Amino acid sequence: MLKAILLILYIATILAVIFAERKNSTEAILWVLVMICIPYAGILLYLIFGSTAAIKLTSIFRRRRLSKRLPAAKAPQDLLTGQQFSDEDLQVIQFNTNYNNSPVTCYDDYQLFITGESHYRALFQDIKEATENIYVLFYAIHHDVIGESLVNVLTEKAKQGVTVLVMCDFIANLSTPNKMFKPLVDAGGKVIRVKPYLTHYRSHRKIVAIDHKIGYIGGMNIGKQYANLAEKKNPWRDTQIRLTGACVATLDAYFLTDLLCAVRQRDWENMVTYMESLQLPPQRRSPNLCQFVVGGVDNNKEAVKMNYLSMIRSAKKKIRIQSPYFIPDVSVLDALKTAAASGVKIELMIPGIKASFFLDPVTTYYAGQIMEFGAKVYKYHGYIHAKTMTIDDELCCIGSVNMDMRSLMVDDEICGIFYENSMVQEYIDIFENDILNCDSYLYEQFLNRGQKEKFMECIFLPFAPLM
């Protein structure tokens, strides 16, 4: 009897991978092979590390319940009226509106940070001046001087009656003890470790929203390495953006939706009641337009990847990319190859300091695939952790998305697409200045790489979908 039940479970799990979960073909084949090679242990590994069923069902049920209680966040109306847009802008705006349900919104002002020191200085000051609520979501909040400083300023605000809600990823914060957050919790703040299970589908977003007026997104987490205080991976180069204006309401909505998918069932009603009590300030129209795209495995849209494809395909002159890793899936890789072969100039900036022994050879391999068609690759004098892409002189994308398969398709991510030309030009200027701190990695160097590097590529490339 037990053998029959196990056999049914075994067959059902394989069928679920193929037909129900709708994974990309490469990942599906990998999991089916694992379950065939190590039948019952493979099922256990899949249920722990590979299944998305619980994530999707939780999201579906809670979002459906929420939609009956709360209206969707609304941006000021007629934002597109009276504005002149390039073909690139219109193509990406329409795509993200129609495919990703990303509302067009606007910001009053922005500030770019390319060092952790400047980012934390501004962030902590904004937190100290908060009067109503502080929403904090990071992939990692490290147990170090920066993490403790964040908890201290949040604790002081919670003691003053400000609503403080904090989320961080479960796996990324295994080394961060609960005792670090205890003063904040004792003061009335709420801390949730998101996705408390062993799976490679992680919460990688970075969102801070303060008083419905100030928002932050970007590539930085909370930790001393981002402020160049760690021994390794120095100098650390990253990008964060501070925004004010109507767009913060959209960041609020994304944060609170994530929170409702993460809280315990017994706390769900209290959180919805809290959301119903919120009073947003008047949303003022601004000509500075943007959209936010969120992605993850809670649906089958692959929203972030599709946004990137839309941006790449809109390019007419130049694509500039910064990422600590370069491990695109076949569709993004083909889009970049097509652009490069069609005469679009592509510049890719990756770290000069190795990310890890298994990520680097795979990054080098994929970089070589686009270099064959004329793309330029720069290795930064340090560790570049920024996740950005600019298209021509028209679009700028800043967020938490690494150019790898996990970020593009499975991790919870957020990126902002900005359409205001002066801001786009400012980031292009930053990119050009970064090139001065880089060494060019030439195609000839790639072709002449050693046998050890090629062997490492062969070993790790099959695992690229999990990186």
Side-chain angles (χ1 to χ4, degrees), residues 58-59 61-77 79 101-109 123 125-138 150 153-168 184-185 187-192 194 203 205-217 241-286 290-294 296 298 412 414 416:
T58 299
S59 176
F61 290 140
R62 293 197 175 185
R63 287 171 190 261
R64 188 174 296 167
R65 288 172 61 189
L66 183 64
S67 66
K68 296 177 181 178
R69 298 277 296 273
L70 296 174
K74 294 182 179 179
Q77 298 300 303
L79 287 174
N101 299 317
S102 299
V104 177
T105 183
C106 59
Y107 57 93
D108 293 338
D109 201 1
L123 174 62
Q125 186 60 41
D126 286 336
I127 289 173
K128 290 175 182 177
E129 295 175 1
T131 59
E132 296 181 30
N133 44 65
I134 304 168
Y135 305 148
V136 175
L137 169 59
F138 284 102
L150 174 67
V153 295
L154 291 175
T155 300
E156 288 303 310
K157 300 312 294 186
K159 289 178 179 178
Q160 296 170 19
V162 174
T163 300
V164 178
L165 305 174
V166 177
M167 289 189 287
C168 58
L184 173 58
V185 174
K190 191 172 188 65
V191 179
I192 298 176
V194 180
S203 174
R205 290 182 191 134
K206 291 90 175 167
I207 299 174
V208 175
I210 299 171
D211 288 348
H212 314 298
K213 298 175 182 177
I214 300 169
Y216 289 80
I217 62 168
I241 186 167
R242 177 187 187 271
L243 300 159
T244 60
C247 67
V248 180
T250 304
L251 296 179
D252 283 345
Y254 286 142
F255 176 92
L256 292 169
T257 300
D258 277 1
L259 186 75
L260 288 170
C261 289
V263 295
R264 296 178 180 179
Q265 183 63 33
R266 65 171 182 258
D267 296 326
W268 194 88
E269 188 63 34
N270 288 337
M271 289 311 306
V272 173
T273 301
Y274 164 73
M275 290 176 64
E276 289 176 324
S277 71
L278 294 176
Q279 298 293 323
L280 296 180
Q283 304 298 293
R284 186 172 59 187
R285 176 177 172 171
S286 164
C290 63
Q291 287 175 294
F292 299 108
V293 173
V294 291
D298 54 354
D412 291 345
I414 183 168

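In this text the structure is predicted, and so the values were computed from the model without any measurement.
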**Q.** Closest non-hydrogen atom pair, Ser203 against Val194
**A.** CB-CG1, 3.8 Å

(Q) Less than 4.5 Å apart, side chain to side chain, heavy atoms only: is that true for Met275 and Leu259? (A) no

Q: Enter the distance from Thr155:OG1 to Leu150:CG here, rounded to the nearest 0.5 Å.
A: 9.0 Å

**Q.** Partners passing salt bridge (Lys or Arg N to Asp or Glu O under 4.0 Å) against Asp109 (at least two apart in sequence or in another chain)
**A.** none

Q: Determine the interplanar angle of the His212 and Tyr135 rings, folded into 0 to 90°, and report it as parallel if under 30°, tilted if 30 to 60°, perpendicular if over 60°.
A: perpendicular

Q: Indicate yes or no for a side-chain donor-acceptor contact from Lys157 to the backbone of Ala130 under 3.5 Å, with no hydrogens or angles considered.
A: yes

Q: Would you mind telling me which of Asp252, Thr257, Asp258, Thr250 makes a side chain to side chain contact (heavy atoms under 4.5 Å, CB included) with Tyr254?
A: Thr250

Q) How many angstroms lie between CD1 in Ile241 and OH in Tyr216, if you round to the nearest 0.5 Å? A) 11.0 Å

Q | pair Ile127-Leu123: side-chain heavy atoms closer than 4.5 Å | A | yes

Q: List the atom of Ile414, the atom of Lys206, and the distance in Å for their closest heavy-atom pair.
A: CG2-O, 4.0 Å

Q. Looking at Val248 and Ala209, what are the two nearest heavy atoms and their distance?
A. CG1-CB, 4.3 Å

(Q) Can you tell me how far apart CD1 (Ile210) and OG1 (Thr244) are? Round to the nearest 0.5 Å. (A) 12.0 Å

Q. For Cys290 and Cys247, which heavy atoms make the closest approach, and how far apart are they?
A. SG-CB, 3.9 Å

(Q) Quick check for you: to the nearest 0.5 Å, what is the distance between Leu251 atom CG and Arg205 atom CZ? (A) 11.0 Å

(Q) For residues 127-138, which residue pairs pass the salt bridge (Lys or Arg N to Asp or Glu O under 4.0 Å) check, not counting sequence neighbours? (A) none

Q) With a 4.5 Å heavy-atom cut-off, do Phe292 and Leu243 have their side chains touching? A) yes

Q. Picking from Leu256, Leu137, Ile134, Val191, what satisfies side chain to side chain contact (heavy atoms under 4.5 Å, CB included) with Leu165?
A. Leu256

Q. How long is the span from the CG atom in Leu154 to the CG atom in Leu184, to the nearest 0.5 Å?
A. 5.5 Å

Q) Which heavy-atom pair separates Asn101 from Pro103 by the least distance, and what is that distance? A) O-CD, 3.4 Å

Q: Quick one: pull up OG1 in Thr163 and CG in Leu278 and give me the separation to the nearest 0.5 Å.
A: 8.0 Å

Q) Can you list the residues that meet the salt bridge (Lys or Arg N to Asp or Glu O under 4.0 Å) rule with Lys213, with sequence neighbours excluded? A) none

**Q.** Stepwise side-chain contact (heavy atoms from CB on, under 4.5 Å) check, Phe138 with Val208
**A.** CA-CA 8 Å; Phe138 284 102; Val208 175; 3.7 Å; yes

Q | Considering all heavy atoms, the nearest Ala158-Gly189 contact | A | CB-N, 4.1 Å

